[in-house]
Amino acid sequence: MPMRILISGAGIAGSTAAWFLAKTGAHITVVEKAPSLLPHGQNVDIKGCTLKVVRKMGLMEEYLRHGTTEKGTQFMDPNGRPYASFPVESVSMTSEYEILRGDLAQILYEATKGYPNITYLFDTTISEVTSNGDDSVEVRLSNGEIQKSDILIAADGQWSKVRKRCFRPEDVSTVDKGMYGVYYTIPRLPSDESWWSIYQALGSRIVSLRPDPHGTMRALLTIMPCNDSQKTAWQAASKSDRQTQEDLLRRDFADAGWQAQRLLDSISEAPDFYFQDVQQIKMSKWSSSRIICLGDTAYAPTPLTGMGTSLAITGAYLLAGELSKLGDDEHPAKAFEAYENMFRPYVESAQQIPFFVPAIAHPETAWKRWLFGAVMGTLAKIFTVPWLARAFKDYEDNEDDFALPEYSIFEEGGSK
Ligand SMILES: Cc1cc2nc3c(=O)[nH]c(=O)nc-3n(C[C@H](O)[C@H](O)[C@H](O)COP(=O)(O)OP(=O)(O)OC[C@H]3O[C@@H](n4cnc5c(N)ncnc54)[C@H](O)[C@@H]3O)c2cc1C
Ligand SMILES: *[C@@H]1O[C@H](CO)[C@@H](O)[C@H](O)[C@H]1NC(C)=O
Ligand SMILES: *[C@@H]1O[C@H](CO)[C@@H](O)[C@H](O)[C@H]1NC(C)=O
């Protein structure tokens, strides 16, 4: 009998898992809270071994077609002039695989939605997990339906409801990075550049703008609140509604300088306002009997690492691969454990962020900003030396950063 698999969340992890699991002959249902696929989210990229996984899916050409066309990253001075530039072909925060999260989610969904053995249910969530036993996991969906499956994959993101219901609070920790980010789309002006322009305002604030491939610009504002009253305000806003979040942004970014006012002026028209509390998720164990957490649900690394998408895609491949090796009467816990043992060390190293990283990028005072500028200016010059840039890039693009196992079931007809 084919395995019945229920996936919560049609994000990057959920759709990738569905793609690979369909090849194993499983019957898959994906429930997604949003009424249709969310086009939201800014730049993400893929790195290292994940490039191989996307090639195995035959989706690399499609992926590259949706690149954001960003020419590189530049740091702006208070007068709006770039003082350090890192073009994409040197060592840059702009990667060659830059893509919008919403575009990537769409590519993965399009690649799976026609499968006869995958069913997507939008506007649907899991209301209750009624049993997670020896021979099945049973849930009640928000549409009232009872679903019995062999496996439940929680891929509903950083704030997963399934994780919250089915795992003990002491087995899940959130690591607060003391930073908040807000992303949204704004109209493009003729003067806008095809670079990621970053302006470090004083008071630990960053204002930045990036081009997208849809003729608009993506605004990104980040802040590390400086004192207790500011911290309390941002913490409260993260649990509040959009209006409260916009009001706080207007209050705390009004005097930031550079293009802050323009960004604030367009905020209430933005179709895709997204407020993020920069926190990592760490679990002592990713599974419990027939339920397994995947992607941000299990190990959100934060955008500071640039690894969220890679971990979601490679994790989905490895999980599906280990499940494909299960014998007919074997419990999925065996595959869950094999997957976790293999992948956990890579995840843990991806989650390491030196404690000073967010703070260095968010200077509080003028002299710290000067220091940052001096270092960046020097680096920008150093990386115009071609052989040095090449050496760093080879290190960054190392596709063998993880020894990706091959699973026979995925090897035919996939590569491109
Ligand atoms: C709207 C949005 C915007 C984002 N923007 C950025 C960004 O700009 N930069 C960045 O680095 N990362 C961003 N991320 C996070 C990034 O997508 C992840 O770090 C990474 O790609 C791992 O993906 P994931 O599939 O584990 O989680 P996600 O991509 O977060 O996907 C989770 C999915 O589950 C759905 N979901 C949530 N709750 C439920 C529920 N109760 N039941 C069913 N489905 C549910 C969500 O709608 C979403 O489709 C964003 C995520 C989202 C959801
Ligand atoms: C599931 O769908 C895919 C794509 O159409 C197909 O290759 C696979 O054989 C199907 N599996 C089953 C069990 O129907
Ligand atoms: C906290 O910091 C903010 C922003 O710099 C400032 O406006 C506010 O006055 C400070 N509050 C206290 C209590 O120091």
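Only heavy atoms go into these numbers, but all of them, side chains included; no hydrogens, no water, no symmetry mates. In listed order, ligands and their atoms are each counted from 1.
The closest approach between any non-hydrogen atom of Ser8 and ligand 1 is below 4.0 Å.
Using a 4.5 Å heavy-atom cutoff, the side chains of Thr16 and Met57 are in contact. Side-chain contact between Lys161 and Ile126 is absent, with no heavy atoms from C-beta onward closer than 4.5 Å.
Within the 6.0 Å centre-distance limit, the rings of Phe372 and Phe75 are counted as a close aromatic pair. Centroid-to-centroid, the aromatic rings of Phe122 and Tyr109 come within less than 6.0 Å.
For atom 31 (O) of ligand 1, the nearest non-hydrogen atom of the protein is Gly11 CA, 3.5 Å. Of the protein's heavy atoms, Arg101 NH2, 3.7 Å lies nearest to atom 53 (C) of ligand 1. Of all protein heavy atoms, the one closest to atom 37 (C) of ligand 1 is Asp156 O, 3.4 Å. Residue, atom and distance of the protein heavy atom nearest to atom 27 (O) of ligand 1 are Gly157 CA, 3.8 Å. Nearest non-hydrogen protein atom to atom 42 (N) of ligand 1 is Thr125 CG2, 3.5 Å. Shortest contact from atom 26 (O) of ligand 1 to any protein heavy atom: Asp296 N, 2.8 Å. When only non-hydrogen protein atoms are considered, atom 21 (O) of ligand 1 lies nearest to Ile12 CG1, 3.3 Å. Looking from atom 1 (C) of ligand 1 to the surrounding protein, the closest heavy atom is His40 CB, 3.4 Å.
We find that Asp265 and Arg262 are not joined by a salt bridge, their nearest charged nitrogen and carboxylate oxygen being 4.0 Å or further apart. Between Lys113 and Glu110, at least one side-chain N (NZ, or NE/NH1/NH2) sits under 4.0 Å from a carboxylate O, which counts as a salt bridge. Note on Arg163 versus Asp171: no salt bridge recorded, every NZ/NE/NH1/NH2 to OD/OE distance being 4.0 Å or above. Salt-bridge formation is detected for the pair Arg218/Asp272: a Lys NZ or Arg NE/NH1/NH2 atom is positioned less than 4.0 Å from an Asp or Glu carboxylate oxygen. Using a 4.0 Å cut-off between charged side-chain N and carboxylate O, Glu145 and Arg140 make no salt bridge. The pair Asp103-Arg101 fails the salt-bridge criterion, with no side-chain N (NZ, NE, NH1 or NH2) lying under 4.0 Å from an Asp/Glu carboxylate O. Salt-bridge check for Glu411 with Lys56: passed, with a basic side-chain N closer than 4.0 Å to an acidic carboxylate O.
Close approach of ligand 1 to Gly295 (heavy-atom distance below 4.0 Å) involves ligand atoms 26 (O). Those atoms of ligand 1 with a heavy atom of Gly41 less than 4.0 angstrom away are 3 (C), 4 (C), 5 (N), 8 (O). Taking a cut-off of under 4.0 Å to the non-hydrogen atoms of Pro303, the atoms of ligand 1 that pass are 11 (O).
Atom 32 (C) of ligand 1 has its nearest heavy-atom neighbour, among Ser15, Ser160, Gly9, Ala155, in Ala155. Counting only non-hydrogen atoms, the option in Lys33, Glu32, Gln158, Met307 that gets closest to atom 47 (O) of ligand 1 is Glu32.
Only the side chain of Leu38 comes within contact range of ligand 1, with a heavy atom under 4.0 Å; no backbone atom does. Of the heavy atoms in Gln42, both backbone and side-chain atoms come closer than 4.0 Å to ligand 1. Using a 4.0 Å cut-off between heavy atoms, Val31 contacts ligand 1 through its backbone alone, with no side-chain atom that close. Of the heavy atoms in Ala13, both backbone and side-chain atoms come closer than 4.0 Å to ligand 1. At a heavy-atom cutoff of 4.0 Å, ligand 1 is contacted by the side chain of Val44 but not by its backbone.
Considering backbone and side-chain N/O of Thr124, none are found under 3.5 Å from N/O of ligand 1. In terms of polar-atom proximity, Ala34 is not counted as a contact of ligand 1, lacking any N or O under 3.5 Å from an N or O of the ligand.
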Identify all pairs of nitrogen or oxygen atoms, one from ligand 3 and one from the protein, separated by less than 3.5 Å, and list them with distances.
from     : atom 1 : to     : atom 2 : distance (Å)
ligand 3 : 2 (O)  : Asn227 : ND2    : 2.4
ligand 3 : 11 (N) : Asn227 : ND2    : 3.0
ligand 3 : 14 (O) : Asn227 : ND2    : 3.2

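In this structure, a donor-acceptor pair under 3.5 Å is absent between the side chains of Thr73 and Trp195.
Note that CD of Gln279 is 5.0 Å distant from OG1 of Thr174, once rounded to the nearest 0.5 Å. Atoms CD1 and CZ, from Ile291 and Phe336 in turn, are 9.0 Å apart once rounded to the nearest 0.5 Å.
For the pair Lys231 and Trp234, the cation does not sit on the ring face, since its NZ or CZ is not both under 6.0 Å from the ring centre and inside 45° of the axis.
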Q. Hey, mind stepping through Gln352 and Glu348 against side chain to side chain donor-acceptor pair (under 3.5 Å) and telling me if it holds?
A. CA-CA 7 Å; Gln352 272 165 18; Glu348 286 180 355; over 6 Å; no
